[in-house]
Structures are given as structure tokens and as C-alpha cells.
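For reference, the structure discussed in these notes is given below.
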There are 2 protein chains.
Amino acid sequence: MPAPAAHRATTEPGLGAPAYVVLGMISIGARTGYEVKQMVEQSTRFFWTISQAQIYPSLRHLEQAGLITGREDPQGRRPRRVFEITAAGHAELAAWLSREDPMPFELRDTGMLKLFFADTLDHDEALALLHAVRRRSEDRVGLLRALEPVARAVEEQGYHHPLLTLELGIAVHQAMVDVCAAFERRQAAGPRT
Amino acid sequence: MPAPAAHRATTEPGLGAPAYVVLGMISIGARTGYEVKQMVEQSTRFFWTISQAQIYPSLRHLEQAGLITGREDPQGRRPRRVFEITAAGHAELAAWLSREDPMPFELRDTGMLKLFFADTLDHDEALALLHAVRRRSEDRVGLLRALEPVARAVEEQGYHHPLLTLELGIAVHQAMVDVCAAFERRQAAGPRT
DNA sequence: TTCGTCATGTAAGAAGTTACATGATTTC
DNA sequence: GAAATCATGTAACTTCTTACATGACGAA
């Protein structure tokens, strides 16, 4: 066991959230970096993205920390590393999930940003923008609803929370649709003041 | 006028969204970099943050582009630059607001991320996490509701859209509260399956 | 005279993305 | 035999934040 490096204290306080995404995906069955990326694209992408370039370094880091174990498992002549979560990995994931820390909610929405400044536009242009923002959320609701069957199938397997996060996404965008629609009616009705 | 640089074509297609935040804030009355930052903290912060370090370089850039004009206006011996939007600036802002481009909606939510993996937890721990996420959105709803009087006052001044974006934020978090509460009831009732 | 606010500025670094590079295997 | 998918890797870059630095002014 290596001697503890006292000066490293500040870099130690747990992994970053991206590493927990990778750890979590391995814990629910992703075996390769490629599969981690695929699962992210199908699920957490709507509230947490990571790029492929982050995944492979992250896997190495998690393995060095003893939270996952990898072994070579080439398919024919194509190289491949398959990973499994370790007991320490499960413990670390559970600790993170149960830890009562801030859980930042970060939103960066160009649509809302544009709407905020829409009073500088003509009435018609502002209405068009509002309509575009509503449509965007409607499209997103449609996209997410299309994923519901998959999430329900996953639920049958005993994983209930992916469906919950999907419903959260749907509800969030539906709420935006509703507020936009109400405001559109008001604006279309009374262009004055 | 400088000779056009052909190789710069890729860096030219409009300002980034952060620059439009600054331009927009100037257009609705912010006069100094300091005031831009303050207004962002009171309003767009919930769907678009920028740090102070971005603002001053951005102001210089907008001025060079002729979208705002600045003049020295020291208060006593304290240096200060006050800015105003130009006709070109108004045109550029309006063009951006009306431009039909993608309007990315980016969400990065640690709460939803944790929930996604909550099936790896015990029933009680998962419930506690769910409860924590609900509380977080309830707090956010409370915080945003406290801003409503300000937004209503602003509306009296003829700026209707800041209130709209505030209502959007409230609705989004209220939707999350509702979905969490419904799921909590289901989970608390039937711990089985 | 001390604290909070007004006001500007930047250097250093963290974090994350894009884009490229490589090549095997499977499917059409 | 072409195209899509599987699979890994990384260099370069952009973007943004943190933290520091400076100092005047106003109120207590």
C-alpha cells in the first residue's frame, strides 16, 4: 500500500459526478466504455450528458481506485475491455447517492433566455418566439413519450427509477408547454399594454 | 475599414449566447458591467448564468463590433464606464431573438442523476433521496415565488416577459415536486415488487 | 475606522467538447 | 463491397469559473 500523500487531500473528496455516471452505468449492467456511452445516450442524456472522451479515462481512474475491475475480452481480433463493479464500488455509489450534499440543478436554456428579452421585439415577433419555444417543448415531450415503452420494460426488470426520471423530464417540458400556451392566449387576445 | 480576412469565416457567425445576455441587459437598461452582473443575478441566473469575468471582455467586444457605445463616467475619483445600445445593437439583438436556430435546452441535474441510479439503494434510502429531491424543488419554488412581486412590478413598466420566464421556472420545479410526490406515495404504499 | 457596496480587471486553471485516428466485425 | 456498428484512444481546443488584485465611496 502506497504512503498517503498529505498534500493530495484537496483532490480526494470523492469523484466528480461524471465518474459516478460511469460507475452507475457499470453497476446497472454496462460492460464496456462503448456500452456506457450508449446507455447514457438512451437515458441520462436528458439531464446529464458525458462525451465519449471522458469515459475511457474515467474507467481507468475507477479501476485504479478499485471501484471496478476490468479484464481483456477481445471479440475475435477486435480489442475489448469488459468491466464489473466491485464491492467497494457498490459501497461508493451508495454512499454518493445517500450523501446529503447540494445536488446542483443547472439549467442553460437559450429559449428562456430569448424569451426574457422578448419585450424588445414587436408584438408579432415576440409571439412567434413564444410559439417556437412552446413547439420545442412539445417536440421534447413527444420524444420522451416515445421512450416510455422502453422505460416500462426496464421497470419490469425491477428498475423503477429510470421511468421516474423519464416522467420528470416529460412533466418539466409539459409544464413549459402549458405556461407558454397560457401566455400565448393572453398575448394573442390583448395585444395592448 | 480593415480588409476582410477570409480564413476568419468560421469565427464570424454571430456572437455567442453570453454576449447576447450582456447586449440584452444593456438594451433593457443596465449601464455598467457591474449592473449587468446584478441584473443577471436577479433574473436570468435561473436559466442562464454568466460570471463577472466574462462580462468586461464581452463589453469590449460588443463595443468594437459597434453594438454598444461606452463613455467614461467616473463617480468622483472612482472609474466607471457607462454603456448604451446602438441602433446596430438593437438590430443585432432583434435578429438573434427572431432567428430560427436550435435553441439548445441543457439540463445538468445531480438530483435526477442520483434518482436514476436509486434502484441500487435499499427501499428506505431510495425514499429518502426522492424526498430530498422533492424538497429541493419545493425550496426552489419558494425562492422563485418570492421574486414574483418584483417581476410583477417590472411588468407594470411594460416588460412582460421577465414574469413569463419566472413563471416557467416555477412551473418546471412545481412539476418536479408533483411527480416526486406521486412516486413517493406509490413507493411508501407498496414497498414490494 | 470599519464594513458593505460600487466598479473594473485579469491570470490560472478546471472541465468538457470536437475532431481526428484506427481498425475489426456485421449487415445489407 | 459498402455501410453501419463495435470499440478504443487522445490531442487540441473552447469555454467558463475561481480566485486574486485594486481601489474609491458611503454609511455606521
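Below, read A as the first sequence line, B as the second, and so on, with proteins coming before strands; counting in each chain starts at 1.
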Going only through I, L, V, M, F, W and Y residues with side-chain contacts under 4.5 Å, is there a path from Y159(A) to F47(A)?
yes

Gap between atom CG of L97(A) and atom OG of S27(A) - 0.5 Å precision
8.5 Å

Roughly, in whole Å, what's the span from CD in E63(A) to P in dG9(D)?
11 Å

Integer-rounded Å distance: dG9(C) C1' and I55(B) CD1
12 Å

Contact summary for G70(A) and E63(A), nearest pair of heavy atoms:
N-OE2, 3.1 Å

Between dT15(D) atom P and Y20(B) atom OH, what is the distance in whole Å?
14 Å

Side-chain touch F183(A)/E167(B), heavy atoms, less than 4.5 angstrom:
no

Is a salt bridge present between K114(A) and D109(A), judged by a nitrogen-to-oxygen distance below 4.0 Å?
no

Nearest heavy-atom contact between P162(B) and D119(A) is CD-OD2, 3.2 Å

Has R31(A) got more than 12 heavy atoms of other residues, nucleotides or ligands less than 6.0 Å from its CZ?
no

If only side-chain N and O atoms of R60(A) are considered, is one of them under 4.0 Å from the OP1 or OP2 phosphate oxygen of dG9(D)?
yes

Distance in angstrom units between H61(B) NE2 and dT14(D) C1', rounded:
15 Å

Sequence-aligned protein contact record of nucleotides 12-22 of chain C, with B where the base is within under 4.0 Å of a protein heavy atom and S where only the sugar-phosphate is
----SBB----

Contact under 4.0 Å: R80(A) side-chain N or O vs dG9(D) OP1/OP2:
no

Taking only Lys NZ, Arg NE, NH1 and NH2, and the carboxylate oxygens of Asp or Glu, determine whether E41(A) and K37(A) approach each other closer than 4.0 Å.
yes

In this structure, OG of S43(A) is separated from CD of Q38(A) (nearest 0.5 Å) by 11.0 Å

Taking the six-membered ring for Trp, are F105(A) and H173(B) closer than 6.0 Å centroid to centroid?
yes

In B/S/- notation (B base, S sugar-phosphate only, - none; protein heavy atoms under 4.0 Å), nucleotides 23-28 of chain D written 5' to 3' is BBB---

Do any side-chain nitrogens or oxygens of Y56(A) fall under 4.0 Å of OP1 or OP2 in dT8(D)?
yes

Of the residues in residues 27-34 of chain A, which ones touch DNA chain D at a heavy-atom distance under 4.0 Å?
T32(A), G33(A), Y34(A)

Can you name the nearest heavy-atom pair linking I50(A) to P18(A), along with the distance?
CG2-CB, 4.1 Å

For Q38(B), answer base if it contacts any base atom (sugar-phosphate contacts may also be present), sugar-phosphate if it contacts only those atoms, and nothing otherwise; contact means non-hydrogen atoms under 4.0 Å.
sugar-phosphate

Write down the distance between NZ (K37(A)) and C1' (dA7(D)), rounded to a whole number of angstrom.
14 Å

